[in-house]
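Each chain gets a letter, A, B and so on, in the order the sequences are listed, and its residues count up from 1.
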There are 4 protein chains.
Amino acid sequence: MVQSFGPVRHTATYEVVAEHIRRALQLGRYLPGDKLPPERALALQLGVSRTVLREAIRALEGEGLVESRRGAMGGLVVLNNEVPADQLKAMIASRFDQLEQLYEFRLANECAAARFAARRRTAEDLRKISEALQRMEAIVGGVAEHNDSNTVARFTSADSAFHLGIAEASRNGFIAQAVEDAWVRRFLPIGNVFMRIEPDANNGHRRLFDAIETGNAAEAEAAMGDHIQETLATLRGYLNDRLRTR
Amino acid sequence: MVQSFGPVRHTATYEVVAEHIRRALQLGRYLPGDKLPPERALALQLGVSRTVLREAIRALEGEGLVESRRGAMGGLVVLNNEVPADQLKAMIASRFDQLEQLYEFRLANECAAARFAARRRTAEDLRKISEALQRMEAIVGGVAEHNDSNTVARFTSADSAFHLGIAEASRNGFIAQAVEDAWVRRFLPIGNVFMRIEPDANNGHRRLFDAIETGNAAEAEAAMGDHIQETLATLRGYLNDRLRTR
Amino acid sequence: MVQSFGPVRHTATYEVVAEHIRRALQLGRYLPGDKLPPERALALQLGVSRTVLREAIRALEGEGLVESRRGAMGGLVVLNNEVPADQLKAMIASRFDQLEQLYEFRLANECAAARFAARRRTAEDLRKISEALQRMEAIVGGVAEHNDSNTVARFTSADSAFHLGIAEASRNGFIAQAVEDAWVRRFLPIGNVFMRIEPDANNGHRRLFDAIETGNAAEAEAAMGDHIQETLATLRGYLNDRLRTR
Amino acid sequence: MVQSFGPVRHTATYEVVAEHIRRALQLGRYLPGDKLPPERALALQLGVSRTVLREAIRALEGEGLVESRRGAMGGLVVLNNEVPADQLKAMIASRFDQLEQLYEFRLANECAAARFAARRRTAEDLRKISEALQRMEAIVGGVAEHNDSNTVARFTSADSAFHLGIAEASRNGFIAQAVEDAWVRRFLPIGNVFMRIEPDANNGHRRLFDAIETGNAAEAEAAMGDHIQETLATLRGYLNDRLRTR
DNA sequence: GTGGTCTAGACCACA
DNA sequence: GTGGTCTAGACCACT
């Protein structure tokens, strides 16, 4: 039996740390303008030396994700990594194949997650999911400032928390990890499409939550399926619609 | 917004290499008795120095996975990692929760994989899947030597190739990766349950293959679902049946 | 090829700042009794925080160069760093070797500076040089108060401005820098020798200025050479003359 | 008296270290292909930690001056920092004003150095200067390989050692420092002009050495003056001559 | 009390 | 025995 091994790559610790932080930003755990914990605390949490953490920060600064400011009021500030509107469609189009696969992957795992969550969610799970849902609804309800870039970031963050909350409520570590991975790999700026261009596209959340709350597994799975399909359709429509964009 | 980061761990290169090889063994790419490529070639393929590779091998030897033999006929030989029959049930029972989650995860991803594979499989995909299927059927058909430990390993290897082949035929990298991950995390010795105790349990493969070959997506998904459910049921039955074991 | 590197030393910022200020004092840009700019302004000019500036000031106070006085009329006051007459000769003698080298260095660079200045000086250059010359002549002319310590400082300051003006008029940054370096390294109190003991020694300045003004490069170079040689001779005479001192 | 202070800059230690090494390379103490001392030794010599040294090395690698290679035969290798022939003239032209000033500065200090060296050189000084001279003559004599880039580097290195040897023989630290500074600031690739385009331009060295050896100060000064003027003339000719270059 | 830098020592990967 | 990386602790500069 002939087999061939691919090359392994040694990832320096600072790379791992950078990826870790990048992941947190990607999941919306920090919003633009937020400060990451102070270097010393962060290094402690991550279990690495400050030297290594700082090397990771230097990398993130190079990517324009964070900025480190000195002084008493300083700290690690998360930057707004927004894509200019006129480049957004091109950037999404260039990775649409990838995104389509990702949505298939999400469909498989998040539907399962919704089904299990409807059966197994704890009160605490419900509380978290509900809180994220309310954050989303508050943002969409406050129609005033949809163009504020931070609004998009805040909505994306709540959206992410909602879906990850359901994944966690599935009480299945493998599925939860898969859902998180999918969100991390998501191209962040597509949040703009939903918030700026189709703010109504995100209305399946309430139906999904109700199904999970009432423990209706089949409905939860269906709601999740519809929601994700709808999202993908919105994205596809955005790309194909030459009249409404720009 | 308060958030906390978990610790990152630095994996030495030799750990990564060991994991890489362990994975190949877990997926049945090498059978007990097979030889891994010579050290020099392997180091080259992996892109690491022989020093590091040797350290990885030392670790694998420590786990009893491989053995390095000197001399002209020597090399890195894959060992038979069999669990004694009298410990098998206990070992499976102790990690049954984990296995159940794993099966839920497989269900989500492999059903999706089957559905997409039915639509997208190429001739080459079909050839690979078919070849694995035939290997399984040949082993089950040759009733003579079900107790031979290598038979179990050979069956497990073919089983793995069958499922991974379908995953690959789904033409979705995320799903394929998830399926592979699930197989890697599978507790290897459970192969014995199916081969030794319930050799008939693995009869869903042909139905699955036919559905994929004929491009019947719904049937493929259903067949995969039934197959995995059945497998889990077999396992559950094995654990609960106090009469037939030992 | 075998080579060895010497040690590098890390200079703290406050050291750099202190040296910067010390240099300004050494060049006579501030006279005893003058006030340096207020701390806040100075810190701004220097591009450092007040904390660092204050540390530098503390060092300068330790050397007796400045004194910081509180209150409405306070500020950073430049002190008179005079050497008592009875120690002057000993101090000069102890570093005479160094001074001799310095005069050789000045000879090389200031003669070149004079030559180029005669050819390249602008009207503005001439104005500055002339102004410094007049200040010197006014001080030497006003015979009354040669013993006043500030007179010496004022003369030294004008002398410095005269020579640095010529260096600048040479329109050669390297030479100008070398001349300034030489003046900074000069042992400040030797000004006393010329003012107190040989007030006539400084009469080459007018000849030098005329040559530069009329654009006579050869004469300028010769005048500068004679002037510096003469100065050194005065110093040497002062040290050798056992009768006239003390 | 109104005065304004310029900003001071805090130079991190690794910057100082980088400058230190850059200086050694600029002075030709190391030739392309040479290895710098091992990191540990170098850090010790420089009196800094390896961390800091490595940061400096990273900077130098970024500038393309050195390359660090791993393994038993590895080390810090000096790269050949050559300018392509077709860019050389433009690069020299763009900084010709600066170079002209530099030559004036060299004229002032190196003539003085030659004069003092003729009077004060020790036997050891003569030995060093002579050795450098012989290296130059050997390279110019071996006409075969003037186009080899390392030949230029080797000549430049010997040239530098020759002039710095004279500066040191002047027994005047200020002048020696000024000469070294001038060489460090020299635009390195101009060595190509003398070696490739006008290999005969460097024949004043022997006359200069003889004068210093015989202790003829006036002749030494004159020889140095002629030599530097000639070098500048060669450079000027190279820039103006449109026919012979490219 | 923040980020910025340096140190001394250790272990790892490489050839 | 080379360069590559990480650690723990310290001090400095900034606001």
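With hydrogens and angles ignored, the 3.5 Å screen pairs no side-chain donor or acceptor of A/Ser157 with any backbone N or O of A/Arg29.
The CG atom of C/Leu53 lies 9.0 Å from the CG atom of C/Leu36; values are rounded to the nearest 0.5 Å.
Residues from residues 52-69 of chain D with heavy atoms under 4.0 angstrom of DNA chain E, sorted by number: D/Val52.
Between A/His20 and B/Phe5, the ring-plane angle classifies as tilted under the 30° and 60° cut-offs.
Here the range on DNA chain E touched by chain B, meaning any atom under 4.0 Å from one of its heavy atoms, is E/dA13 to E/dC14.
With the nearest nucleotide of DNA chain F identified for both A/Arg70 and A/Thr13, A/Thr13 has the one nearer the 5' end. Of the two residues contacting DNA chain E, namely A/Gly71 and B/Gly47, the nearest-nucleotide position lying further toward the 5' end is that of A/Gly71. Of the two residues contacting DNA chain F, namely A/Ala72 and A/Arg50, the nearest-nucleotide position lying further toward the 5' end is that of A/Arg50. Projected onto DNA chain E by closest heavy-atom contact, D/Thr51 and A/Glu39 fall at different nucleotides, the more 5' of which corresponds to A/Glu39.
Taking the side chain as every heavy atom from C-beta outward, B/Val17 and B/Ile57 never approach each other to under 4.5 Å. Using a 4.5 Å cut-off on side-chain heavy atoms (C-beta onward), B/Val66 and B/Leu25 make contact. Using a 4.5 Å heavy-atom threshold, the side chains of B/Arg185 and B/Gln26 count as separate.
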- Message: Could you spell out the base pairing of DNA chain F as a dot-bracket line? Use Watson-Crick and G-U wobble contacts where both distances are under 3.5 Å, [ ] for crossing pairs, | for partners on a different strand.
- Response: ||||||||||||||.

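One finds no salt bridge joining D/Glu61 and D/Arg69 here, because no Lys/Arg side-chain nitrogen approaches an Asp/Glu carboxylate oxygen to under 4.0 Å. Ion pair A/Arg58/A/Glu67 not flagged as a salt bridge, since none of the NZ, NE, NH1 or NH2 atoms sits closer than 4.0 Å to an Asp/Glu carboxylate oxygen.
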- Message: Checking A/Arg186 against A/Asp181 for the salt bridge (Lys or Arg N to Asp or Glu O under 4.0 Å) test, could you report, in this order, the C-alpha distance in whole Å, the side-chain angles of both residues, the deciding distance, and whether it holds?
- Response: CA-CA 9 Å; A/Arg186 200 178 82 132; A/Asp181 282 350; over 6 Å; no

- D/Glu131 vs D/Arg135, salt bridge (Lys or Arg N to Asp or Glu O under 4.0 Å): CA-CA, chis, key distance, verdict: CA-CA 6 Å; D/Glu131 187 265 348; D/Arg135 270 164 52 209; 3.5 Å; yes

